[in-house]
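Read through the structure below, which is laid out as structure tokens, and then see the notes.
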Number of protein chains: 2
Amino acid sequence: MKLPAELESFVVHFGEMGSRWGFNRTVGQMLAVIVFTEEPLNADQIAQMLSISRGNVSMGLKELQSWQLIRVHHRPGDRKDYFKPSGSIWELALQVLAERRKREVEPTLSLLRSQLMNDDPESDLFVSQKIKEIHDLLELFNTWFDDIHRMSPDNLITLLKLGSGVGRVLDIKDKISFKK
Amino acid sequence: MKLPAELESFVVHFGEMGSRWGFNRTVGQMLAVIVFTEEPLNADQIAQMLSISRGNVSMGLKELQSWQLIRVHHRPGDRKDYFKPSGSIWELALQVLAERRKREVEPTLSLLRSQLMNDDPESDLFVSQKIKEIHDLLELFNTWFDDIHRMSPDNLITLLKLGSGVGRVLDIKDKISFKK
DNA sequence: TTAAACTTTCAGAAATTTCTGAAAATTATA
DNA sequence: TATAATTTTCAGAAATTTCTGAAAGTTTAA
């Protein structure tokens, strides 16, 4: 199976962005071909389309599965594993954010929580203050994201579109009353 | 200048997280010592505290400045450059997000916009559809973030604390009227 | 069972990123 | 202007990450 010429620029781009998004070039390229190809693809097809080794594809698929961005699909009478995106573009984006929070925020929060526990009276006041500030910021973000993540796509879209307009709603929150 | 023992765990941790946050281990460690030290630090002090070369510090400082996370500070009668965080913890966090959006979203959006321009009627319908979906998602996110980024910290905190509670406000938006 | 069809693993090779430190460039002071 | 203080650059070295492909492992079917 040959990589359609049309997809080349996306594959190259997803490759370049890969490491910025949290994985590596090849994994980024693999995600691109899987997302932009309508039918589920098997490992050999991916290896051929991207001209990379079979072993590399196996590792990349494992990585994409650990991010929960792809899932296996089986076709009757065919023993190969076929892969397709685990959801809509919207769901994939949320999943990337969720996974990044887990990998980028969670470990730091753990460290900060444990530092706040031991509340050493010997410790420098400036340092304790900074620890508290970072901790509170990350906790707040964490709770917010959890909350947001549970919303339906439709509500989430409405919310995003409103943007800081929400600020206006909040400003008047004390001025409103319910209609009967 | 010696690295206070108290800071060691943070420096190590910020180092480990560095590459996940978008820079490398040393740059992460440098950010840690600058954020957790009350007085501005010069390059030699940083090199000594982290046991790394002077050249490496110079490159790292350039990187942190390109992220706008630190700024130079001069002391009377001293020709050295001293560095301190460019703002509060809150501002640094927003700055990291803004910079990451620029590096992770902007290039992809450019590519997608140009693809939507050429609107080739030859192109595969499934592919065009995906391009449009990703494009719209990123545009929406981009606009939202711009909007949010301009809010005052206080309003932003209120908004985060409300979380999906905003959804409830939106649900009832047709049911409210203003108090006189 | 056995064998064929697949997938995963992982040691070493290749590619990429980061680091060092001496030399070059810049800047401030006398 | 000269020189001393400081920062930046960058070639090569070191460290780290990624990739290959053959061997080992797993699964299915007869």
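Lettering follows sequence order; numbering is per chain, from 1.
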How long is the gap from CG on D78(B) to NE2 on H74(B), to the nearest 0.5 Å? 8.5 Å

Rounded to the nearest 0.5 Å, what separation is found between the CG atom of L64(A) and the CD1 atom of I46(A)? 8.5 Å

Spacing of D78(B) atom CG relative to dA4(D) atom P, expressed in whole Å: 19 Å

Decide whether T26(B) and Q29(B) meet the rule of one side-chain donor and one side-chain acceptor closer than 3.5 Å. no

For each nucleotide in nucleotides 10-21 of chain C, reading 5' to 3', give B when a protein heavy atom comes within less than 4.0 Å of its base, S when such contact involves only the sugar-phosphate, and - otherwise. B-----S-SBBB

Rounded to whole angstrom units, what separation is found between the CG atom of L61(A) and the P atom of dT9(C)? 12 Å

How many angstroms lie between OG1 in T108(A) and CZ in F14(B), if you round to the nearest 0.5 Å? 6.5 Å

CH2-CD1 distance between W144(B) and I157(A), expressed to the nearest 0.5 angstrom: 14.0 Å

What distance do E99(B) atom CD and Q68(B) atom CD have between them, rounded to the nearest 0.5 Å? 6.5 Å

Nearest 0.5 angstrom please: F141(A) CZ to I148(A) CD1, how far? 10.0 Å

Interatomic distance, K80(A) NZ vs dT28(D) C1' [rounded to whole Å]: 14 Å

Where W90(B) and L160(B) come nearest, the two heavy atoms and their spacing: CH2-CD1, 3.8 Å

Mind listing the N/O atom pairs, protein and nucleotides 24-27 of chain C, below 3.5 Å?
from: dT27(C); atom 1: O2; to: R79(B); atom 2: NH2; distance (Å): 3.0

d(CD1, I46(A); C1', dC6(C)) in whole Å: 15 Å

Phosphate oxygens OP1/OP2 of dT9(C): is one of them under 4.0 Å from a side-chain N or O of K62(A)? yes

What is the separation between atom CG on N42(A) and atom P on dT7(C), rounded to the nearest whole Å? 7 Å

Rounded to whole Å, CD1 of I70(A) lies from P of dT7(C) at a distance of 12 Å

